[in-house]
Amino acid sequence: MIHLTRDGLLAGLLVLPSIAWADSPRLTGTSPLGIQRGLSTEVTFEGSGLGDGTRLIAPFDFEIEEPTGSEPGATRWQVRLTADARTAVGVYPVRVVTDSGISNPILFAVGQLPQIAEAEPNDAAASAQEIPNPIVVEGECPGNDLDFFRFPGREGDRIVVDALCARVGTELDPMIRLTTADGRLVASANDHPGLVTDCYLTAVLPEDGEYVLEICDSRFAGAGRTGYRLLIGAVPFAGEVHPLALPRGQDTALALRGGTLSIDGLFALRTPSDPLCSMFQPAIPARLLGDPAWADSELDVELPAPVALGSPVAVPEPADPAQQLPPLSPPVTVLGRLSAAGERDEFTITAPPGSRHEVRVEAWGLGSALDGQLRIFGGDGSVLGESDDGKPSSGRRSRRSRGPTSPDPSYDLTIPDGQDEVRIVVKDLADRGGVGFTYRLVVEPAAPSFGLTFEEGQVAVPRGGTALIPVTVTRSGYDGPVALDLRGIPDGSGVTVLPGTVPAGQTSGVVGLEAVPEGEPQVREIQVVGSGDDGQAVVASGTTVFAQQTLDVRGFGMSGTIPSYSRPVVSLTAAVIGPGPILLASERPRFVVPQGCAIDVPLQVVQVAEREVTYRIAALSSPDGLSVEELDVDGGESTAEIELTAAADATPGPYQVGLVARPSGSEGPPVAAALIKVEVVPPASLELPGGEIAIAPAGSVAIEGKVARVEPFAGPVEVRLDDLPPGITAEPVEVAADASEFTVTLRAAADAAPAEARPRAILTYELGDQEGLVTHGPLSLKVLAADAAEEQR
C-alpha cells in the first residue's frame, strides 16, 4: 500500500498536466443502435461529459477514426467506427472513458446484414417503406406512432422478424404483425416468452409476392428511448439454444432448434476461458449445421440472446421423453427441456436421510420461456413441498412464495427420516412447452456459504489518488469474516490494490485501488474476490439493467418499474484517469478507536484544480458499529479532521472505512476517496501479575494490578474476580477516573477446601447508558490444604 506524505504527494503531482476538471462521462444512447461488421459507419454517442480525449471501450476488435469535432463537456461524440469483420453477430456492452472518468455501459449491436434507417411517412400500409430482404432496419416509435415496411418474399422462404428493443437498451415495448400485401395475417408477436417485452416471429411464407410488416409500441406509450432494431427476412435464426449455459473454457456443443431452422442442429465449439467473461456470442456459420434450408448460406446463425458462461458440467436429459435418467446423487445439474405443452420431467435424487439440499430451476433468468414450478415427493409418494417463484422452507406444502424479480423457483429440501430418495417434478406453471422451454435443474448439498455483489460495474482511479469499490455480502449460514481482494491488476502497472475485510456477521465492505501520480491512462477488467476463514472463495457479481418498463395497471396490482433487459456481470471495468479536483490522503496508516468513543481522523486535502468549491466528505458505507460525521471542506483547505465514532457495542477488531468527497449538494460520483484502516478496541484493559496465586484457608492475598485506558476514554472502572472456587471471595474495586493502579484482595474462609481454579478478572465500565466489560485471564489460583498451609508458614 502506498502512503505519501503531503510533500511527497505534492511533488508527485507536479508532473501532471494542468487540467480543467469536467464531469465524468455518461452515455444515454447511440445513433445508430448498431453497425454492420466490416463496414465503416458513422456513429454518434449521446450523453454528457463527452469531451476531448474520449476513447471507446468495447469487447470486440474495432477501428475508429478521429472524431469530426467535439467540445469539452459535449453531449455528442461522432466517430467513424468499423467492427472487425470476424466479430460474432450480437449485442455488446460498450463504454467510453475520458480523463474525467469512465462511463456506464450501453448496448451496441454488431450485425452481418446491410442496415437502413426508417423513413417517414410510413404510418400506414399504403405508405409502407420499401425495403430489401434480408435487411436490418433502425427506427423509432414514439407515442402512438405506427411504422410499416414492405418487402418481397417467395413461397417457402423461412423468414424472421426480430424486434430488438430492450436487448439494445431502449424502452420500446414492441408489437409486430406480418401480413400479405392484401392484408391477410401471416404471423404476429408481442412479449415473446424469455425476452420479457421484446418479441420476434418466424414464418414460412405462403406465396410469392410482397409482404407488409407493422411495428408499434404495444401500449402506444413509447417514451424515452423509443428506438428499435428490426432484423427482417430470410435469415438463419435459432429459436432455442440448448443448454442455456456452458462451462467455461471447454469443448462442448450447442443444440439449435426452431426459428427459421428446418432441422435440429448441433454445433461443436470451444467456449472462452476468460474468467472475466460472463456471456459470449458464438459465431455459428449456418452452412455447418447440416440444415438443407441453409446449406448454401454465407450467413451466421442469429440468436435471440447471448449464451451464459461459468456453469459446471451437467447431465443432459434423455432426448426421448419416454426415457428417464437413473437416480442421481447431489451435487448434480441436469439439462432439461419441456418439448411439448403439458410435459412434466421427473428425476429421482438419492441422499442420506436428514441431509439438507438446495433445489433450484434456472430458466427465466437465462432467457428461457419457462415459468418453472417445482414439486417434491418423498419415496413413499407423499408431497414434501412445492415452489413457484421463490423459496419456501422444506416441509411447507402447497405454499408458493412470490419472488421479487424472477419466476425461477427454488426449494430448501431435507430428506425425510427413514427415506433415502425423493422425486423431483419440473413443469411450466401454465403447462406450456415447445421451442424455448429449456432449463437447468440444480441440486446441491446445503452448506454455510456467502455471496458477493457490487452495484456499479465501473471504477475510475484518479492518478495519485484512490478509488473505492463497495461490496455487499449475502450470508447463507456463514457468519465469519470475509477478506476482500482484487484480481486483474498486474505488478508494475502503477496501480496498487487496497484489500479490505468484512467483519464477522456484517454485510458490507469496501476494497480499493490506488494509482501513482505519474501513471499512464489504462483500462482493465478486474474481479472482486472474497475469501472466508473456512477456505471458500467467491467472485463478486452484479447485474446491469440496460432497459426497464414503467407499468401502471393498478386494477391488476401491476404498478411500478421493472427491468425489461439485464445482464449478469462478474467483472468491473477499471480505468486510470486524470487526477480529480482534489485528492484525499490519510495521515496515518491505522487509527485506534475505543468502543463508545469518538476520534478525529486527520486527512490531507490536496487541491489539484483551483476551484471555489466546498466539498462534503462522508463515509461511503460505514461498517456496523462505526459512524462518520459528514464534514464540509472549503476549496482552499489543505487539512481536515473528520470525526469517527465507535458504538459502545461495536465488535472489537479491524475495520475499513471508505471516505468519499463530492461537491456539496451533488449526488454524482465522488471526486476523491480514501480508505481508512480502523481498529476498534475496548476502552480499557487490565494488567495483572502472572504466575500462580496461592492462598491458605483463613488467609488473604492482595493482587495488585493496573488499568490501561485507551484515549480518549477517561472514565472510572470497576474490577472484580469471577469464577472463584467455594470459600474464596473478593470484593469489587472501584478505580477512579484519575487513577490506574488498584488492589484486589482475595480472602479464604477457614473451611475453604483445597482446589485449583482459573478465575477471570472482569473490568466493567459505563459508556453512556450502556455497560461494557473486558475479561482478563484466566488467572492461576491454588487453594492450599490446611496442613500444607501450616507447613508453608
Test side chain to side chain contact (heavy atoms under 4.5 Å, CB included) applied to Y439 and V334, D408, D345, the passing residue: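 Answer to the side chain to side chain contact (heavy atoms under 4.5 Å, CB included) test with Y439 among V334, D408, D345: D345.
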Is there a side-chain contact between V307 and L254, using heavy atoms and a 4.5 Å cut-off? yes
Less than 3.5 Å apart, any donor N or O on the side chain of N133 or Y211 sitting next to an acceptor on the other?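 Note: N133 and Y211 side chains miss the donor-acceptor criterion.
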If you compare all heavy atoms of A575 against all heavy atoms of V97, which two are closest, and at what distance to 0.1 Å? CB-CG2, 3.8 Å
Does F267 reach the side chain of P285, with side-chain heavy atoms less than 4.5 Å apart?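 F267 vs P285: side chains touch.
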Between atom CG of L107 and atom CZ of R567, what is the distance when rounded to the nearest 0.5 Å? 5.5 Å
Under the criterion side chain to side chain contact (heavy atoms under 4.5 Å, CB included), which of L289, L288, T260 is the partner of W294? T260
Give a yes or no answer on whether the side chain of R158 reaches the backbone of L205 with a donor-acceptor pair at less than 3.5 Å.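 No; zero donor-acceptor contacts below 3.5 Å.
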Hey, mind stepping through Q373 and R375 against side-chain hydrogen bond (donor to acceptor under 3.5 Å, both in side chains) and telling me if it holds? CA-CA 7 Å; Q373 183 184 41; R375 299 195 74 192; 5.9 Å; no
Mark yes or no for whether S218, through its side chain, and D173, through its backbone, hold a donor-acceptor pair below 3.5 Å. yes
Are the side chain of D198 and the backbone N or O of C165 linked by a donor-acceptor pair below 3.5 Å? yes
V79 side chain reached by L56 side chain, heavy atoms, under 4.5 Å: no
Can D291 and S262 be counted as having a side-chain donor-acceptor contact under 3.5 angstrom?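 The answer is yes; a qualifying pair exists.
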With a 4.5 Å limit on heavy-atom distance, are the side chains of V426 and R344 in contact? no
Value rounded to 0.5 Å, distance of CG in L113 from CG in L299: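 Reported to 0.5 Å precision, the distance equals 6.0 Å.
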Do side-chain atoms of R432 reach the backbone of A369 as a donor and acceptor pair under 3.5 angstrom?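 Answer holds: yes.
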Between the side chains of S40 and R80, does any donor sit under 3.5 Å from an acceptor?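 A pair is found: one side chain offers a donor N or O, the other an acceptor, under 3.5 Å apart.
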When every non-hydrogen atom of P174 is compared with those of C199, the smallest separation belongs to O-SG, 3.6 Å
In short, Y411 meets S387 closest at the heavy-atom pair CD1-CB, 4.2 Å
Mind checking whether V332 and V315 have side chains closer than 4.5 Å, heavy atoms only? yes
Do Q112 and Q36 come close enough that some side-chain heavy atom pair is under 4.5 Å? no
Can you measure from CG (D217) to CD (E140) and round to the nearest 0.5 angstrom?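 Taking CG in D217 and CD in E140, the distance rounds to 12.5 Å.
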Between Q549 and R219, do the side chains contain an N or O donor and an N or O acceptor separated by less than 3.5 Å? yes
Looking only at atom types and distance, does a side-chain atom of S103 sit under 3.5 Å from a main-chain N or O of R95, one as donor and one as acceptor?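 Here the side-chain-to-backbone pair does not exist.
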Let me have the donor-acceptor pairs involving side chains of residues 229-250, under 3.5 Å, with sequence neighbours excluded, atom names and distances please.
residue	atom	partner	partner atom	Å
R229	NH1	Q115	OE1	3.0
R229	NH1	E138	OE2	2.7
R229	NH2	Q115	OE1	3.3
E240	OE1	R257	NH1	3.4
E240	OE1	G436	N	2.7
E240	OE2	R337	NE	3.0
E240	OE2	R337	NH2	2.5
R248	NE	D274	O	2.9
R248	NH2	C277	O	2.4

Partner set under side chain to side chain contact (heavy atoms under 4.5 Å, CB included) for P318, not counting sequence neighbours: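 With sequence neighbours excluded, P318 shows a side chain to side chain contact (heavy atoms under 4.5 Å, CB included) to Q323, L325, given in chain and number order.
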Could you grab the distance from atom CD of E317 to atom CG of L441, nearest 0.5 Å is fine?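 CG of L441 is found 10.0 Å from CD of E317.
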Measuring only between side-chain heavy atoms, which start at C-beta, is F151 closer than 4.5 Å to I135?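 The answer is no, as the side chains (C-beta and beyond) never meet within the 4.5 Å cut-off.
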Please report the shortest heavy-atom distance between Y565 and A166, naming the atom on each side. CB-O, 3.3 Å
Under 3.5 Å, side chain of E214 to main-chain N/O of F148, donor-acceptor pair present?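 Side chain of E214 to backbone of F148, a donor-acceptor pair under 3.5 Å: no, none is there.
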If only side-chain N and O atoms count, and only distance matters, is there a donor-acceptor pair under 3.5 Å linking Y228 with D147?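 Yes, side-chain donor-acceptor contact under 3.5 Å.
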Which pair of non-hydrogen atoms, one from P407 and one from D371, has the smallest distance, and what is that distance? CB-OD1, 3.2 Å
Could you tell me whether a side-chain N or O of E120 sits under 3.5 Å from a main-chain N or O of N122, the two making a donor and an acceptor? yes
Determine whether more than 12 heavy atoms belonging to other residues, nucleotides or ligands lie under 6.0 Å from atom CG of D296. no
Would you call L374 and V359 a side-chain contact if the rule is heavy atoms closer than 4.5 Å? yes
N-O pairing of D162 and R167 below 4.0 Å: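 Looking at D162 and R167, the cut-off is met.
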Run the side-chain hydrogen bond (donor to acceptor under 3.5 Å, both in side chains) check on S329 and T350 step by step: do they pass? CA-CA 5 Å; S329 298; T350 61; 3.0 Å; yes
Picking from T573, L572, L276, what satisfies side chain to side chain contact (heavy atoms under 4.5 Å, CB included) with I526?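 Exactly one candidate clears the test, L572.
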side-chain contact (heavy atoms from CB on, under 4.5 Å) evaluation trace for Q522 with S493: CA-CA 9 Å; Q522 54 183 288; S493 65; 4.0 Å; yes
Output yes when E346 and R423 qualify as a salt bridge under the 4.0 Å nitrogen-oxygen rule, no when they do not.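 Looking at R423 together with E346, the answer is yes, because their closest N to O distance falls below 4.0 Å.
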Could you go through L309 and S278, starting from their C-alpha distance and side-chain angles, then the distance that decides it, and tell me whether this counts as side-chain contact (heavy atoms from CB on, under 4.5 Å)? CA-CA 5 Å; L309 279 174; S278 59; 5.9 Å; no
Ignoring hydrogens and angles, tell me if any N or O in the side chain of T170 forms a donor-acceptor pair with the backbone of G227 under 3.5 Å. yes
Within a 6.0 Å radius of atom CZ on R154, are there more than 12 heavy atoms belonging to other residues, nucleotides or ligands? no
List in chain and number order the residues that pass salt bridge (Lys or Arg N to Asp or Glu O under 4.0 Å) with R86, two or more places apart in sequence or in another chain; answer none if no residue qualifies. D84
Which heavy atom in I159 sits nearest to a heavy atom in L178, and how many Å separate them? CD1-CD2, 3.5 Å
Quick check against the 3.5 Å criterion: does T41 have a side-chain atom that pairs as donor or acceptor with the backbone of L39? yes
If we ignore angles and hydrogens, is there a donor and acceptor under 3.5 Å between the side chains of E525 and S571?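 Yes.
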Just how far is it from atom CD of Q281 to atom CG of D300, taken to the nearest 0.5 Å? 11.5 Å
Give the C-alpha distance, both sets of side-chain angles, the deciding distance and a yes or no for ring-ring contact (aromatic ring centres under 6.0 Å, His included) between Y92 and F60. CA-CA 8 Å; Y92 297 86; F60 53 84; 5.2 Å; yes
For A363, does its backbone N or O pair with a side-chain atom of S368 as donor and acceptor, under 3.5 Å? no
Atom CG in L335, atom OG1 in T438: separation rounded to 0.5 Å? 9.0 Å
Give the ring-plane orientation class for Y200 versus H192, where under 30° counts as parallel, over 60° as perpendicular and anything between as tilted. parallel
